[in-house]
Amino acid sequence: MEMGRGLALIAAAGLVATIVLASIRVAHHAELLAVKVGDPYGTMILTLSALTVEVIILAIMMSGESSSTLVRDTIYSALMFDINGILGLAALLGGLKHGEQPYNDNSGKTYGVMILTAMGISMIVPEFVPRDKWHYYSAFTIVAMIALYGLFLRMQVGQHSYFFSYSYPRSERKKESHDGHDADGPAAVSIATILVGVVIIGLLAEFMSAFMTEGLRDSGAPIAVTAVVVAAISAAPEILTALRAALKNRMQAAVNIAMGASLSTVILTVPVMEAIALYTGQPFIMAMTPVQTVMVTITLIAAAINLNDGETNAIEGMTHFILFATFVMLTALGL
């Protein structure tokens with residue numbers, strides 16, 4: 001019995017590694033498309049490709065034997081990975097190399113208030129909604145998230161698109177153009193690779209879910225382990241992209257990726273999963289635990305302070321990275 005669980009965990013780990021590699025490949029081609037279209041469209045392609053992977057894995061795992069808190073824990077974990085992990089590490093390493101790194105502070109403020117609103121509506125308020133009325137609030141949440149994202153999308157690609165871009169010096173733009181020479185390939189190849197990659201990831205995720213469920217059964221491992229794995233798979237390609245941008249002294253891209261991924265995870269994953277819950281008639285727990293609420297609150301307050309002046313530095317990156325380490329520690333303790 002123990003050997004069977006061990007083999008299942010080994011198989012699950014192998015599938016996780018394969019899915020991460022496939023996700024990185026998908027992200028690479030999304031990055032090529034992003035270079036072609038530029039910001040803010042480029043960031044949207046990157047974050048949406050990662051989000052698609054996350055939603056597919058979640059939907060597959062929710063269809064099997066899974067915890068009723070899987071969606072909540074995955075969104076919470078993704079927020080910790082994106083803001084504290086990705087942004088923290090990017091600002092830390094970029095700050096150590098370049099000192100203060102400039103970006104458009106409008107982007108940080110806009111992302112921050114949107115994330116706070118979306119998290120409050122979908123993962124704090126549900127604590128006070130009577131269980132027999134969950135479907136009413138669930139339907140409201142879907143409408144609210146779609147309305148928020150619709151307006152945000154209009155801002156991001158319309159009259160406020162300059163919020164999410166930064167005008168670098170001419171020498172920096174020339175350097176970026178030289179670095180992005182591999183983006184000259186056909187866009188159709190990148191699009192096809194992304195679509196095929198997403199399908200392959202979905203198929204692998206189904207097997208990963210089965211092996212992970214069997215491997216963790218009666219193991220005593222924290223329930224949130226599965227959620228952390230799903231969030232890590234989604235964040236892995238974004239970490240590499242954001243770090244490359246920060247080390248090239250292009251912090252705007254890192255801010256857009258980290259904060260944009262956090263917002264997209266909440267504002268798009270919630271309505272999709274809530275719709276599935278309404279369709280199946282099986283509600284899941286969205287209200288965060290007290291520990292999760294405290295961690296999210298500290299994270300968003302720190303982000304609001306750090307992303308308020310248009311420059312990041314190593315100290316600001318370190319504060320977020322320590323918060324990420326705290327998240328890892330709390331998860332290991334089962335909190």
Side-chain angles (χ1 to χ4, degrees), residues 27-28 30-51 81-115 152-180 183 235 237-265 300 302-321:
H28 171 70
E31 192 173 356
L32 294 183
L33 288 177
V35 172
K36 290 179 183 294
V37 301
D39 278 330
Y41 301 97
T43 301
M44 289 171 53
I45 293 173
L46 286 169
T47 55
L48 289 177
S49 63
L51 180 70
F81 269 100
D82 293 334
I83 299 181
N84 292 328
I86 296 178
L87 183 59
L89 193 58
L92 175 60
L93 297 182
L96 290 174
K97 181 176 182 180
H98 299 287
E100 295 183 333
Q101 296 185 278
Y103 65 95
N104 188 337
D105 62 331
N106 285 315
S107 57
K109 295 174 183 176
T110 303
Y111 280 128
V113 72
M114 292 286 288
I115 294 171
F152 175 77
L153 195 61
R154 182 175 178 180
M155 283 182 58
Q156 193 175 30
V157 302
Q159 63 188 29
H160 291 92
S161 60
Y162 66 90
F163 276 18
F164 309 94
S165 61
Y166 184 82
S167 181
Y168 291 95
R170 185 182 300 247
S171 59
E172 290 291 330
R173 290 200 294 270
K174 287 182 179 178
K175 183 178 179 182
E176 178 193 17
S177 177
H178 176 73
D179 291 341
E238 295 168 334
I239 291 175
L240 297 177
T241 305
L243 287 182
R244 282 198 296 266
L247 292 174
K248 292 178 182 177
N249 201 21
R250 304 190 65 78
M251 185 51 66
Q252 184 63 57
V255 170
N256 283 351
I257 290 169
M259 300 297 284
S262 298
L263 178 60
S264 297
T265 296
L300 293 179
I305 296 172
N306 290 337
L307 298 179
N308 190 52
D309 59 357
E311 288 182 329
T312 62
N313 56 58
I315 293 176
E316 294 174 352
M318 190 62 177
T319 58
H320 281 293
F321 194 69

Closest approach of [X] and [Y], non-hydrogen atoms and distance?
{"X": "Met251", "Y": "Gln101", "result": "CE-OE1, 3.1 Å"}
{"X": "Ala314", "Y": "Leu92", "result": "O-CD1, 3.6 Å"}
{"X": "Tyr111", "Y": "Gly260", "result": "CE2-CA, 3.5 Å"}
{"X": "Tyr103", "Y": "Asn306", "result": "OH-O, 3.6 Å"}
{"X": "Asn308", "Y": "Lys109", "result": "OD1-CE, 3.2 Å"}
{"X": "Ala245", "Y": "Ala254", "result": "CB-N, 4.2 Å"}

Side chain to side chain contact (heavy atoms under 4.5 Å, CB included) between Phe152 and Thr110, worked out:
CA-CA 9 Å; Phe152 175 77; Thr110 303; 4.2 Å; yes
Could you measure the distance from the [atom1] atom of [X] to the [atom2] atom of [Y]? Nearest 0.5 Å is fine.
{"X": "Ile115", "Y": "Leu263", "atom1": "CD1", "atom2": "CG", "result": "5.5 Å"}
{"X": "Ser262", "Y": "Ile257", "atom1": "OG", "atom2": "CD1", "result": "11.5 Å"}
{"X": "Gln252", "Y": "Asp105", "atom1": "CD", "atom2": "CG", "result": "9.5 Å"}

Answer whether the closest heavy-atom distance between the side chains of [X] and [Y] falls below 4.5 Å.
{"X": "Leu87", "Y": "Leu307", "result": "yes"}
{"X": "Leu300", "Y": "Ile83", "result": "yes"}
{"X": "Leu247", "Y": "Leu93", "result": "yes"}

Could you walk me through whether Met259 and Ser107 pass the side chain to side chain contact (heavy atoms under 4.5 Å, CB included) check?
CA-CA 9 Å; Met259 300 297 284; Ser107 57; over 6 Å; no
For Glu100 and Asn313, run side-chain hydrogen bond (donor to acceptor under 3.5 Å, both in side chains): C-alpha distance rounded to whole Å, both residues' side-chain angles, the deciding distance at 0.1 Å, then the answer.
CA-CA 5 Å; Glu100 295 183 333; Asn313 56 58; 4.7 Å; no
Look only at the side chain of Glu316 and the backbone of Ala91, and say whether a donor-acceptor pair between them is shorter than 3.5 Å.
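Here the side-chain-to-backbone pair does not exist.
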Can a donor-acceptor pair be found, under 3.5 Å and without considering hydrogens, that links the side chain of His320 to the backbone of Leu89?
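Here the side-chain-to-backbone pair does not exist.
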Give a yes or no on whether Leu96 atom CG has more than 12 heavy-atom contacts from other residues, nucleotides or ligands under 6.0 Å away.
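Enclosed.
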